[in-house]
Asks: 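Here's a structure for you.
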Amino acid sequence: MLTAWETSLQRVSRERIDQPLILHGLRGMGKTVLLAEFRRRALKRNWLVAKAEASIGSKLRDLLGESLYEPLLEISRPSAGKRALQALKTALSFKASYDMTGAWSFGVDLSDSTGGGADTGDLNTDIRLVIRDVSAAAGEDNVGLAVLIDEAQDLSTEDLTTLCAVAHEAVQSGWPVLIALAGLPSLPQILAEAKSYAERFRYMQITSLDEAAAIDALQDPAAEEGVDWEPYALAAAVEGAGRYPFFLQQIGHETWEAAPKSPITVADVEVGIARGSAALDNGFFRVRWDRATPGERNYLRAMKLAGNATIASSEVASSLGKKAAQVSTVRDRLISKGLIYAPEHGLLAYTVPGMAAFIDRQTLE
Ligand SMILES: Nc1ncnc2c1ncn2[C@@H]1O[C@H](COP(=O)(O)OP(=O)(O)OP(=O)(O)O)[C@@H](O)[C@H]1O
Ligand SMILES: [Mg+2]
């Protein structure tokens with residue numbers, strides 16, 4: 001993933017624009033951490049970076065506008081080139097398109113510059129103009145504009161369609177823009193439904209770590225403090241966490257707290273797993289469970305039949321003694337709450353690893 005991003009950053013500098021990168025995976029797999037690393041690497045090359053996190057009901061117009069403010073401040077120097085001034089003027093009009101109250105001030109005189117017009121109210125036109133002009137300003141400095149959006153599955157279809165179309169045009173026209181979206185496993189399908197260009201995007205599934213990476217994730221931070229792990233203790237912690245980044249983090253933390261001295265032992269890991277799992281139950285899983293209504297919990301329980309794998313929605317319905325159409329509203333609500341997703345048409349799975357086992361631990365409520 002990081003290599004793909006680095007390569008793309010280099011390619012854009014040579015005026016070869018890459019397709020958007022789409023990171024998708026279950027909760028707690030490390031997508032946000034990756035996106036933050038993308039940002040860091042782009043900034044290191046002096047790129048302009050707009051990073052936003054979507055949530056249900058948020059609008060691309062506002063997200064993009066607000067996330068552009070910082071990079072725009074960056075280019076609003078007294079020595080700003082022609083394209084930078086144009087970008088600022090266009091961005092000001094874009095800001096006015098969603099926020100009538102507060103105007104940005106960049107402290108530069110824009111009266112003689114070209115630009116503006118990103119306030120037509122037509123989403124596609126406005127986003128296209130602002131991306132075109134801000135990326136041109138970046139290009140003037142021989143860098144590019146990175147647009148990073150987390151939780152992208154929560155964007156509306158209209159917003160995603162617009163993003164796809166603008167990404168397509170950026171590639172076609174050679175604007176120095178790189179887009180990366182991160183989201184739940186449902187994201188590829190949502191994009192596919194939004195616009196046909198999405199089939200050209202580069203999709204990367206973020207899965208649990210391999211054995212070596214999981215071991216490193218536990219060993220390296222300890223080694224930095226001069227603490228060792230007994231080999232069996234490491235293996236037990238990796239297995240206890242199922243190699244999921246978030247679980248490794250929790251179990252690693254609790255084991256660290258429980259260990260009286262170096263090296264960390266199997267006995268320390270046993271305490272760490274017990275406390276880490278309890279912390280996951282009371283946090284990670286609990287917040288999701290609490291968000292579900294009793295009817296939705298029944299549905300989640302019925303899905304448990306499949307363990308962590310996928311199950312046909314028709315099978316869930318029949319195990320609830322209902323017809324598929326009778327429970328489709330519950331299913332759709334669970335999808336929009338981000339608790340489950342449809343890996344393929346007619347199939348369902350949990351968005352968090354280990355959900356089935358958690359449900360098993362719940363007494364009937
Ligand atoms: N490669 C990694 N090695 C070790 N730990 C990691 C790695 N990637 C992420 N983590 C840890 O796992 C946890 C979850 O990561 P992150 O928040 O990025 O997941 P996410 O995929 O964005 O989850 P969500 O869908 O819930 O937003 C974090 O606490 C992070 O520190
Ligand atoms: Mg995240």
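Just so you know, these numbers come straight off a predicted model, no measurement behind them. What you see below is based on every heavy atom in this structure, not just the backbone, and it leaves out hydrogens, waters and symmetry mates. Both ligands and their constituent atoms are indexed starting at 1 by order of listing.
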Asks: Please report the shortest heavy-atom distance between Leu348 and Ser313, naming the atom on each side.
Replies: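 Heavy-atom minimum between the residues: CD1-CB, 3.7 Å.
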Asks: Which residue owns the protein heavy atom closest to atom 10 (N) of ligand 1, what's the atom, and how far is it?
Replies: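 Protein heavy atom with the smallest distance to atom 10 (N) of ligand 1: Pro245 CB, 3.5 Å.
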Asks: Which residue supplies the protein heavy atom nearest to atom 30 (C) of ligand 1, what is that atom called, and how far is it?
Replies: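 Its nearest protein heavy-atom neighbour is Val33 CG2, 3.7 Å.
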Asks: Between the main-chain N or O of Phe94 and the side-chain N or O of Asp119, is there a donor-acceptor pair closer than 3.5 Å?
Replies: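 Answer holds: no.
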Asks: Could you find the nearest protein heavy atom to atom 26 (O) of ligand 1 and give me its residue, atom name and distance?
Replies: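 Checked against all protein heavy atoms, atom 26 (O) of ligand 1 sits closest to Arg27 CD, 3.1 Å.
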Asks: Would you indicate which of Gly252, Ala217, Pro221 comes nearest to atom 4 (C) of ligand 1 when only heavy atoms are counted?
Replies: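 Result: the heavy atom closest to atom 4 (C) of ligand 1 is in Ala217.
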Asks: To which protein heavy atom is atom 22 (O) of ligand 1 closest, and what is the distance rounded to 0.1 Å?
Replies: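 For this ligand atom, the closest protein heavy atom is Thr32 OG1, 2.6 Å.
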Asks: With the side chain counted from C-beta on, respond yes when Pro353 and Tyr244 share a heavy-atom pair under 4.5 Å apart, and no when they do not.
Replies: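 Pro353 reaches Tyr244 side chain to side chain.
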Asks: Taking Thr101's backbone N and O only, do any of them form a donor-acceptor pair with Asp99's side chain (distance below 3.5 Å, no angle check)?
Replies: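 Between the backbone of Thr101 and the side chain of Asp99 there is a qualifying donor-acceptor contact (under 3.5 Å).
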Asks: Is it the case that atom CZ in Arg83 sees more than 12 heavy atoms from other parts of the structure closer than 6.0 Å?
Replies: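 Check fails, neighbour count at 12 or below.
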Asks: Could you tell me whether a side-chain N or O of Lys31 sits under 3.5 Å from a main-chain N or O of Gly25, the two making a donor and an acceptor?
Replies: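 Yes, because the side chain of Lys31 sits within donor-acceptor range (under 3.5 Å) of the backbone of Gly25.
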Asks: What do you reckon, does Gly28 put a non-hydrogen atom under 4.0 Å from ligand 1?
Replies: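 So Gly28 counts as touching ligand 1.
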Asks: Given Ala241, Pro185, Gly30, which one has a non-hydrogen atom that is nearest to atom 9 (C) of ligand 1?
Replies: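 Closest candidate by heavy-atom distance is Gly30.
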Asks: Of Gln249, Glu151, Glu53, Lys31, which has the heavy atom at the shortest distance from atom 27 (O) of ligand 1?
Replies: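 Looking at heavy atoms only, Glu151 sits closest to atom 27 (O) of ligand 1.
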Asks: Check whether any N or O atom of Leu34, backbone or side chain, sits under 3.5 Å from an N or O atom of ligand 1, and answer yes or no.
Replies: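 Checking ligand 1 against Leu34, no N or O pair falls under 3.5 Å apart.
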Asks: Could you find the nearest protein heavy atom to atom 13 (C) of ligand 1 and give me its residue, atom name and distance?
Replies: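 Protein heavy atom with the smallest distance to atom 13 (C) of ligand 1: Phe246 CD1, 3.6 Å.
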Asks: Would you say Glu15 has more than 12 foreign heavy atoms packed within less than 6.0 Å of its CD?
Replies: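 Incorrect, the count does not exceed 12.
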Asks: Of all the non-hydrogen atoms in the protein, which one sits nearest to atom 3 (N) of ligand 1, and at what distance?
Replies: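 Answer for atom 3 (N) of ligand 1: Leu209 CD1, 3.7 Å.
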Asks: Donor-acceptor pair, distance only, cut-off 3.5 Å: does the side chain of Ser13 make one with the backbone of Leu9?
Replies: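 Judged by distance alone, yes, a pair lies under 3.5 Å.
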